[in-house]
Amino acid sequence: MGRRFHGRAWPLAVGLSLGVAAPAMAQEVSAESLKDAVNSAWTLMAAFLVFFMQAGFAFLGAGLIRSKNTLNYMTKSFMDFCIGGLAYWAFGFALMFGGSRLMPGLDHGNALIGYSGFFLTGAAGDVHTLMLWFFQMVFAATAATIVAGAVAERMKIQAYLAYSFLVSALIYPIYGHWVWGGGWLANLSQYLPFLGEGVGVRDFAGSGVVHAVGGLVALVGAAMVGPRTGKFNPDGTPNAIPGHNLVYVVMGTFILFLGWFGFNAGSTLAATDLQISVIAVNTFLAGAAGAVAGLYLSLIRTGRADIVMACNGSLAGLVGVTAPCAYVAPWAAVVIGAVAALLMAASLEFVEKVLRVDDVVGAVSVHAAGGLWGLLAVGIFADGSYGGVKGLIVGEWAQLVAQLIDIGVVTVWSLSTGFLVFWLIRRTIGLRVSREEELAGLDVPEHGSPAYPEGRRLPAGVVVTPT
Amino acid sequence: MGRRFHGRAWPLAVGLSLGVAAPAMAQEVSAESLKDAVNSAWTLMAAFLVFFMQAGFAFLGAGLIRSKNTLNYMTKSFMDFCIGGLAYWAFGFALMFGGSRLMPGLDHGNALIGYSGFFLTGAAGDVHTLMLWFFQMVFAATAATIVAGAVAERMKIQAYLAYSFLVSALIYPIYGHWVWGGGWLANLSQYLPFLGEGVGVRDFAGSGVVHAVGGLVALVGAAMVGPRTGKFNPDGTPNAIPGHNLVYVVMGTFILFLGWFGFNAGSTLAATDLQISVIAVNTFLAGAAGAVAGLYLSLIRTGRADIVMACNGSLAGLVGVTAPCAYVAPWAAVVIGAVAALLMAASLEFVEKVLRVDDVVGAVSVHAAGGLWGLLAVGIFADGSYGGVKGLIVGEWAQLVAQLIDIGVVTVWSLSTGFLVFWLIRRTIGLRVSREEELAGLDVPEHGSPAYPEGRRLPAGVVVTPT
Amino acid sequence: MGRRFHGRAWPLAVGLSLGVAAPAMAQEVSAESLKDAVNSAWTLMAAFLVFFMQAGFAFLGAGLIRSKNTLNYMTKSFMDFCIGGLAYWAFGFALMFGGSRLMPGLDHGNALIGYSGFFLTGAAGDVHTLMLWFFQMVFAATAATIVAGAVAERMKIQAYLAYSFLVSALIYPIYGHWVWGGGWLANLSQYLPFLGEGVGVRDFAGSGVVHAVGGLVALVGAAMVGPRTGKFNPDGTPNAIPGHNLVYVVMGTFILFLGWFGFNAGSTLAATDLQISVIAVNTFLAGAAGAVAGLYLSLIRTGRADIVMACNGSLAGLVGVTAPCAYVAPWAAVVIGAVAALLMAASLEFVEKVLRVDDVVGAVSVHAAGGLWGLLAVGIFADGSYGGVKGLIVGEWAQLVAQLIDIGVVTVWSLSTGFLVFWLIRRTIGLRVSREEELAGLDVPEHGSPAYPEGRRLPAGVVVTPT
């Protein structure tokens, strides 16, 4: 065992021959090394929570789709983070953080793209660089998996796996470089001096980088693969296609909410930054306010307490607060979360009735609408208490302008590159299963088994008389 | 992005214009600031685990009820922490910790009630205060959600939402102030000098504050909403009404057990307090001993290994060790956990057969019986190794007297305020759904959808011949 | 409440009489005490994640078996860690770490067995010892629960409970002592000087100690209890017996993957050992590569994307990297994970078609094949960057020899002691339920309830016409 020889300070008796020298004993405990330790522990633990969001997305989405396609959806959810993580190891991370010099081995890159750290070799094998990679990788995987729910129930598994690779290797990291990797959006005032020195796009934990990118690519994917058979009537009006297990939906939302604490508060990459408490509080309040807004909206509209609206409301609130979570006061987080839920509800109508796109789980409305709102909210609610970021609320307009520019950039980038990726896949692998497969359900033809091999549930309304 | 400019000590090259000054570079790394960092990280991570207990309560309870009411229960479970958390932000925290001066902005309050920190504004916006709020908020949410299982399958959703607000804004925090906020119970010897100096109620992580309050309010709620139709025969004998998914029950228990480590060990609010290891060990041992006691009790009684008894036994053990976890030795934790499970089993009989109250999931027996036992256990098993708390086992009687007084106080407080709240709701919103809704199941009339929209399971005993 | 008087440095006003002296105020904040704090926090949090793996094993296995035996499996999964944890408290820990002198109270033991620390009494009640116990206990529980899936659907619950006790009290800890407790395998070069000074078996987080032991005991258990009725045809060819819920399987795998970060990275027992980032990265990459290898293997073989192969592939990758995770580079973790998945797939065939053993969930192939491969991988891929462990890749052969010896030892130990334990249980309690119970399902006769009390699912292929 290697473990006990490293780190514990308890004096091993010299007489006990353990066969290995114990470096921990001689290790200096400087304040600097302790800072490294507490910040590494914090960042990794937060990343583990973000990793777990994959399970939340899987559970949530599985519940919102029909059981005949459940195994297909679970496979996509499980494989996208595996493939996406490997793509981010090989290419994505280098494109995103090359040139940022945030950690060793990330020296080469420019304002548009990075190009060092491929495969984490050489100097990029440093423990600090690996810590950064791990945290960023779970973010890339989150962006990738957002799409699964929008294109569920009719996209080919192989097409989806190809998409997972491309989004994690290219689409996500290049835009990410612009905002988080020292690229042009982070330093916008260098190109637009009227903004005033030091003003650039601020997206603390990724309302834009992760959620708007994922949600907008999801919109393209759902549009290009086309609606599920039966979703729209000949006159273009939509039909509701209920999922199969709302317990899964609520449990998935709980898991996502949990993971979001790591997502946002971990984005300091440091527990020595005590702002982590503010971020955790704001994250909770926005998610709670979003849930309450979603639920009461459904009660007002229909007289029914619609739990899916509450869940999606809380997720929209969480997405919305992701960019501003470090920059705003708790009351503002409540406002941001509640508004995010209302925008999400409006977006659901818009996507389905105006765009006539079939987004099975509402991924576009939660992540794209919520994410763009989050970017805007930084420009409105940032109160200057952190990182010098100041919004309208304290009388500054430059940040708002920067955020509006970012909203435009992320929209154009995600829609156009998303189109290219899905167009390429359509031309090669093909995007959509056959109509026969779709009607029968994707699970057996694509995966060789139903999700529930013992049989299916009894259809609603069937009366069976016990014998 | 704000993240990289704060906290990481890696020297960013001066030549790289990231657009924002990097305060981390200049940050001093004093031992005091490192202590703040490690304790904030610990407390927040523990709070995240406690947050996740909401998912455990939801899964556990959903499995123990019938599928026709599952969506209603999930909605209650999901919304109570959202509403409760907002109520605790607005009012509860200020009532509970105002005057404690534990953190900035909590200066005003007396022995009966606190009154500063409302909405976390002003000095209460300090990072330390927000850390305390976050940890305490997830505790308040836990107290609130305990009730959901007891009143399941017949309480109106709107009544439950109103209850969630009131318990988190008023009932929980006022009693909490007395024990944890510097109130009269914490300082009991000031009012009862015969106890000896420095003796007051000790409830380390809330057997009383969280679980007994939640469990006793649940008892009142279940009694006032009345039993489910069919639960009791005309002669008063009870019928078993099985739930619908015992996999959910066990998974929910696993999640709760996980969260409990945060609940108890996080209650130091500090990793620099190395007692956290003792607490984690005691928490595990009590939960394991409770499970074993519950399982073997069922084997002895019926010859069957009843997993619900094992789950509720482990939860009772965990509730029971919550107050004494920091004050007792591992062997005592085993005893406390096993006794808690036996008391829980006795309480199940008492509640159902003597009180004739219909507590669907056994919340009263797990949380109230287990919680009161936990308060008592402090007075018996505390060995003086921590915080100077000494029980019968080391020959001191004063702590036991203080704990007995607390048992009386928490019982009277919870039953009486619980009655007031549910009485008020009954007079306004009404507590109970109509008989028709109850028989049909609450999911469709209250929420517009069944939990399993594709249909229901085939009733047991039905024979279907494949065609 | 005890909590606020310990640890927080916020100066409580002297005028506020809280009734208890506040030791935190006077507490010194030395670098040494901060190191203790951050390492305790890290180790406990990691242990909480490992604890949660129990839920992953439960969910995964429940999905892979038939619904008629689901409650039985959940009961085994829930009880084995409770009983195993208590056994490890009473006996296992003392046998494993007695004589290691790693922490106070562990002074007595020799190269073959330890004998101090029973019941964590005396000096073993130290906070550091309790921290070590807690982390090691969740490992012991993991080893125990691996067997549940292999023997599912036909082993008596009482036999399984007896097995849980014996494996956690004896089999696991004695071998563990040899590798992690200062025993002979850790110091192999003392007995085989040709290996060169300081060379011994290295198994960082337990590919051998936990997974190979669990997987090999599982092989014995599955062989001795015999195959499920209907598993093998009279000519010895196997039949596939599908499980009942593949959503559970994927969710269980997600939970296990999450827990593995604690399992491997926590095995430093220290966040001050910054290698934790390397370990986390390697753990992820091996799991992801295993999943991709498993999935594409199934696609190549059958044209179907088999999610169970992907899940078991990722788990095999995780098992495989458990021993080498601290000693190898990221690229090597990718190779180790992919190879582990392929070996797992080969082992599935071998166990079923050659050995003709009925391993319901593939536990032997994931944990034994993966675990032995992990031990070997240390001898191949260790690059000398950590702990001085060097494999073939840097031209050293001695480590590989040590690992090969360990592979032999763990195989002989696990198979022989596993045989003894199950033989003993067969002679006393009996291993197998009656044929009638097996055909009807174990849930009702052994546990008094089906897992889904409202009824069972509709068999596949049944057509029901709504009335």
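Worth knowing before you read on, the calculation uses all heavy atoms, side chains too, and leaves out hydrogens, waters and symmetry mates. In the text below, chain A, chain B and the rest are named by the order of the sequence lines, each starting its count at 1. For clarity, every value in this text was computed on a predicted model and none was experimentally measured.
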I need the residue from [options] with the largest number of non-hydrogen atom pairs under 4.5 Å to chain A.
options: Leu188(C), Asp107(C), Leu246(C), Val378(C); value: Leu246(C)
options: Leu285(C), Leu34(C), Val278(C); value: Leu285(C)
options: Pro330(C), Pro242(C), Ala280(C); value: Ala280(C)

Closest non-hydrogen atom pair, [X] against [Y]:
X: Val38(C); Y: Val38(A); value: CG2-CA, 3.8 Å
X: Ile276(C); Y: Ser40(A); value: CD1-CB, 4.1 Å
X: Ala291(C); Y: Cys82(A); value: CB-SG, 3.5 Å

Contact part of [X] toward chain A, heavy-atom cut-off under 4.5 Å: side chain, backbone, both or neither?
X: Val209(C); result: neither
X: Val247(C); result: both
X: Leu299(C); result: side chain
X: Ser385(C); result: neither
X: Leu258(C); result: both

Given that the side chain runs from C-beta out, which part of [X] has a heavy atom under 4.5 Å from chain C: side chain, backbone, both or neither?
X: Phe51(A); result: side chain
X: Met79(A); result: side chain
X: Val444(A); result: backbone
X: Ala31(A); result: neither
X: Thr75(A); result: both
X: Ser449(A); result: side chain
X: Glu446(A); result: backbone
X: Phe81(A); result: both

Practice item. Scan Phe261(C), Phe48(C), Phe257(C), Trp260(C) and name whichever one has a ring pair (Phe, Tyr, Trp, His ring centres under 6.0 Å) with Phe48(A). Key: Phe261(C)
As an exercise, state the distance from [atom1] of [X] to [atom2] of [Y], rounded to the nearest 0.5 Å.
X: Ile307(C); Y: Tyr73(A); atom1: CD1; atom2: OH; value: 12.5 Å
X: Leu295(C); Y: Ile157(A); atom1: CG; atom2: CD1; value: 6.5 Å
X: Met251(C); Y: Phe78(A); atom1: CE; atom2: CZ; value: 11.0 Å
X: Phe284(C); Y: Leu86(A); atom1: CZ; atom2: CG; value: 6.0 Å
X: Met131(A); Y: Leu274(C); atom1: CE; atom2: CG; value: 9.5 Å
X: Tyr296(C); Y: Leu161(A); atom1: OH; atom2: CG; value: 4.5 Å

Exercise for review: Specify which of Asn72(A), Val138(A), Val127(A) makes the most heavy-atom pairs with chain C at under 4.5 Å.
Suggested key: Val127(A)
Review point. Does any N or O in the side chain of Glu454(A) come within less than 3.5 Å of the main-chain N or O of Ser67(C), such that one atom is a donor and the other an acceptor?
Key: yes
Review point. So, His447(A) side chain and Ala305(C) main chain: donor-acceptor pair closer than 3.5 Å or not?
Key: yes
Check your understanding: For the ring pair Phe254(C) and Phe52(A), is the centre-to-centre distance below 6.0 Å?
Key -> no
**Study point:** Intermediate values then yes/no, ring-ring contact (aromatic ring centres under 6.0 Å, His included), Tyr248(C) and Tyr452(A)
**Key:** CA-CA 10 Å; Tyr248(C) 292 177; Tyr452(A) 306 106; 7.9 Å; no
Check your understanding: Any side-chain heavy-atom pair from Ser277(C) and Leu44(A) closer than 4.5 angstrom?
Key -> yes
